[in-house]
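Here the structure comes first, spelled out in structure tokens, and everything after it is commentary.
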Amino acid sequence: MNNRLRELRDRHSWSQGELADRLDVSRQTVNAIETGKYDPSLPLAFRIAKLFHMSIESIFEPGKG
Amino acid sequence: MAAMAIYVIIMMMIWPLARAESNVWLKAVYALAPVPPMIYVIWLMAQRIMRSDELEQRTHMIGLGVSAAVVSVISLISGFLAAANVLTLDATSTILLWIFPLLMFTYGGVRTYAARRYGSSGCEEDDAMPLYIRFLVVAGLFCAIGAYIYFHAHDERASSFALGMASALVVGAIYFAVRRWRKRRAVE
């Protein structure tokens with residue numbers, strides 16, 4: 001799954017740690033989502049969407065295959 | 001760490017008394033003395049897993065699942081070979097004692113591997129005390145126990161084991177200290 005998390009984080013000038021604190025997850029989780037190594041659960045995806053005032057599908061999109 | 005230190009002290013200084021004790025109840029107390037600190041460690045691990053986020057819980061789950069599978073397969077293979085008299089196992093003591101350490105060792109290794117796959121180190125230093133300091137403290141503890149056993153109990157085998165463990169921990173401390181130094185250098 002592809003996502004725009006890094007772009008959105010950069011737009012707010014937040015570090016991975018700051019974003020992690022706002023989402024109540026570890027910095028490693030934010031890093032894994034940004035690098036596409038981990039797809040978040042639905043509740044976490046909703047928290048991310050709510051934080052950036054966007055819909056889930058505008059942040060996450062299905063990858064190839 | 002305190003629980004593990006107590007466990008080591010008990011294993012090296014109290015548990016051996018069980019073999020020499022003639023009273024059955026006292027023998028059982030000595031023999032089961034290492035169990036409470038281990039249960040405390042398991043409880044601490046459970047608390048840590050409960051507090052962790054979804055990615056960390058996934059890596060814990062992978063570690064526990066793979067370690068359970070590995071230990072089960074090894075037990076099954078050993079059991080079949082022992083039942084067919086191909087392998088002689090001292091099932092009443094030695095083998096049972098190895099199950100838990102094997103489970104924990106496999107769990108730690110697999111969890112670290114899974115965490116690395118997701119881009120973290122598997123043993124992040126989130127707590128106040130750096131890992132290399134912890135390793136050095138436990139190494140010092142092993143040294144003290146080894147010295148005590150050597151000078152008071154005159155058990156060269158046990159003291160050699162303790163000093164060997166201390167040496168291995170010092171090597172681990174050097175590894176984590178170098179890794180920490182390299183990480184800090186990379187950040188600067």
Side-chain angles (χ1 to χ4, degrees), chain A, chain B residues 1 43-67 107-135 172 175-188:
Chain A
M1 196 156 66
N2 302 318
N3 68 76
R4 297 171 53 206
L5 194 60
R6 184 172 195 145
E7 175 199 329
L8 294 168
R9 179 172 65 78
D10 285 343
R11 202 180 286 171
H12 287 77
S13 305
W14 291 336
S15 67
Q16 286 187 340
E18 282 173 315
L19 178 58
D21 287 342
R22 287 167 193 271
L23 294 170
D24 196 25
V25 295
S26 64
R27 190 193 59 76
Q28 288 74 32
T29 301
V30 169
N31 180 57
I33 295 170
E34 282 187 359
T35 52
K37 289 175 179 166
Y38 174 66
D39 294 332
S41 67
L42 200 52
L44 179 54
F46 270 114
R47 287 214 301 276
I48 293 168
K50 191 178 173 188
L51 182 68
F52 292 111
H53 306 288
M54 295 169 80
S55 61
I56 289 179
E57 59 269 30
S58 61
I59 300 174
F60 298 95
E61 58 180 35
K64 289 174 186 173
Chain B
M1 198 169 80
W43 182 77
L44 283 180
M45 280 177 63
Q47 292 290 309
R48 186 173 176 168
I49 292 172
M50 293 291 281
R51 279 199 308 268
S52 58
D53 70 12
E54 57 182 57
L55 177 59
E56 290 167 334
Q57 284 187 352
R58 177 181 284 204
T59 59
H60 283 296
M61 191 67 78
I62 293 169
L64 285 170
V66 173
S67 60
Y107 162 67
V110 174
R111 196 194 161 250
T112 303
Y113 174 75
R116 276 178 185 274
R117 270 194 64 200
Y118 287 115
S120 63
S121 72
C123 42
E124 298 291 334
E125 296 183 25
D126 292 332
D127 302 322
M129 190 186 280
L131 268 176
Y132 77 95
I133 301 270
R134 290 189 215 185
F135 271 61
Y175 167 76
F176 284 117
V178 169
R179 198 181 73 160
R180 186 183 168 89
W181 175 72
R182 286 181 66 181
K183 261 189 181 177
R184 290 199 162 188
R185 216 176 138 196
V187 170
E188 287 165 6

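Here the structure is a predicted model, which means the values were calculated and not measured. Lettering of chains follows the sequences in order, A, B, ..., and the numbering in each one begins at 1.
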key: Least distance between heavy atoms, B:Arg117 atom then A:Lys37 atom   = O-CD, 3.4 Å
task = Would you name the heavy atoms of A:Asn31 and B:Gly119 that are closest together and state the gap between them?
result = ND2-O, 3.7 Å
Contact origin within A:Pro40 toward chain B - heavy atom pairs under 4.5 Å = both
request  = Evaluate whether atom CG of A:Asp24 has more than 12 neighbouring non-hydrogen atoms of other residues, nucleotides or ligands under 6.0 angstrom away.
outcome  = no
ask   = Atom CD of B:Glu54 and atom CD1 of A:Ile33: how far apart are they, to the nearest 0.5 Å?
value = 6.5 Å
ask   = Is the count of non-hydrogen atoms from other residues, nucleotides or ligands lying under 6.0 Å from A:Arg6 atom CZ greater than 12?
value = no
inquiry  = To the closest 0.5 Å, what do you measure between CZ (B:Arg51) and OG (A:Ser26)?
reply    = 13.5 Å
key: A:Met1, CE atom: more than 12 neighbouring heavy atoms under 6.0 Å   = yes
query = About how many Å separate OG1 of A:Thr29 and OH of B:Tyr118, when rounded to the nearest 0.5 Å?
reply = 10.5 Å
